[in-house]
Amino acid sequence: MSPSIWLLKTEPNEFSIDDLKARGKAGEPWDGIRNYQARNFLREMQKGDLAFIYHSACDVPAIAGLAVVQKSAYPDAAALDSSSKYYDEKSTPDNIRWSRVDVTFKTKFKQPLSLKQIKSEPVLADMKLVKSSRLSVSPVTQQEYEVIMALVN
DNA sequence: GCCAACGTTGGC
DNA sequence: GCCAACGTTGGC
């Protein structure tokens with residue numbers, strides 16, 4: 001079965017595709033997701049799936065590259081850490097409400113695909129990213145994946 | 001279980 | 001920095 005495709009949103013000020021690249025093979029835990037719909041998508045992610053890395057809240061919002069899912073969902077321990085900005089007082093060691101996955105760097109696009117370009121492409125204008133701009137983890141269809149890859153090459 | 005108030009996100 | 005969209009909270 002071919003891998004599923006996802007889109008992960010990040011603010012490049014906080015963590016960018018370059019930061020992910022710098023992590024190398026160690027990868028990065030994708031934590032701090034505090035939205036149920038996004039969490040439920042996270043939990044569907046499987047090792048080997050691909051994820052577009054989207055830069056939001058920056059000068060040029062754009063899909064910046066691709067990552068690979070290294071480890072499927074497991075409890076996001078940051079929810080238990082009262083010093084973390086991702087602390088969740090309703091989570092307990094027995095019942096952590098939130099999940100994270102681990103991802104590794106795959107590709108940085110020479111030409112990031114800007115939100116403006118995405119919106120101008122009929123096939124992509126229906127993407128969850130466009131329709132529900134606040135969702136930080138969203139599925140990408142095979143067709144969307146192929147169109148995006150064609151546009152960034 | 002409804003809904004108003006409030007907080008957050010993110011494009012512009 | 002503004003503001004629209006939307007998720008969450010909490011009073012009733």
Side-chain angles (χ1 to χ4, degrees), chain A residues 4-23 27-45 49-69 72-103 105-141 143-153:
Chain A
S4 298
I5 318 292
W6 306 92
L7 184 142
L8 297 172
K9 206 176 285 197
T10 181
E11 298 188 17
N13 291 339
E14 302 278 327
F15 190 86
S16 72
I17 188 80
D18 292 323
D19 295 322
L20 182 61
K21 185 177 184 180
R23 292 287 193 273
E28 174 74 6
W30 210 264
D31 57 7
I33 302 293
R34 296 290 178 270
N35 167 287
Y36 282 110
Q37 206 186 345
R39 184 204 69 180
N40 292 340
F41 285 132
L42 264 191
R43 289 181 175 177
E44 291 179 31
M45 294 172 75
D49 283 358
L50 298 174
F52 287 113
I53 301 298
Y54 176 82
H55 285 170
S56 70
C58 55
D59 286 351
V60 183
I63 297 175
L66 262 179
V68 186
V69 178
S72 60
Y74 60 102
D76 183 357
L80 300 178
D81 177 3
S82 60
S83 69
S84 167
K85 63 175 175 175
Y86 299 133
Y87 177 64
D88 169 35
E89 60 180 13
K90 291 180 183 168
S91 288
T92 62
D94 288 345
N95 185 15
I96 295 179
R97 297 200 296 172
W98 306 108
S99 298
R100 61 169 68 152
V101 299
D102 290 349
V103 297
F105 174 82
K106 181 175 172 67
T107 318
K108 179 181 177 179
F109 299 144
K110 275 181 235 143
Q111 288 259 25
L113 186 66
S114 72
L115 181 61
K116 195 178 169 187
Q117 289 173 281
I118 292 167
K119 285 179 172 173
S120 70
E121 196 65 39
V123 178
L124 302 181
D126 280 336
M127 284 183 72
K128 265 225 158 44
L129 169 72
V130 177
K131 296 284 177 181
S132 178
S133 66
R134 301 182 60 198
L135 190 58
S136 53
V137 181
S138 59
V140 175
T141 69
Q143 187 190 22
E144 289 161 353
Y145 170 74
E146 285 164 13
V147 170
I148 292 166
M149 294 310 284
L151 287 170
V152 297
N153 278 326

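Quick note: numbers below take in every heavy atom, side chains included, and nothing from hydrogens, waters or symmetry partners. Here the structure is a predicted model, which means the values were calculated and not measured.
- For DNA chain C, the contact window with chain A, defined by any atom under 4.0 Å from a protein heavy atom, covers dA5(C) to dT9(C) in 5' to 3' order.
- Pairing each heavy atom of Ala125(A) with each of Lys131(A), the nearest pair is O-CE, 3.9 Å.
- Considering only heavy atoms from C-beta on, Phe15(A) comes within 4.5 Å of Arg23(A) through its side chain.
- If you check every strand for non-hydrogen atoms under 4.0 Å, Lys90(A) touches sugar and phosphate atoms only.
- For the pair Glu144(A) and Leu129(A), the minimum side-chain heavy-atom distance is 4.5 Å or more.
- Legend: residues meeting salt bridge (charged side-chain N to carboxylate O under 4.0 Å, His left out) with Asp31(A), ordered by chain and number and at least two apart, are Arg100(A).
- A side-chain donor from one of Asp88(A) and Ser91(A) sits under 3.5 Å from a side-chain acceptor of the other.
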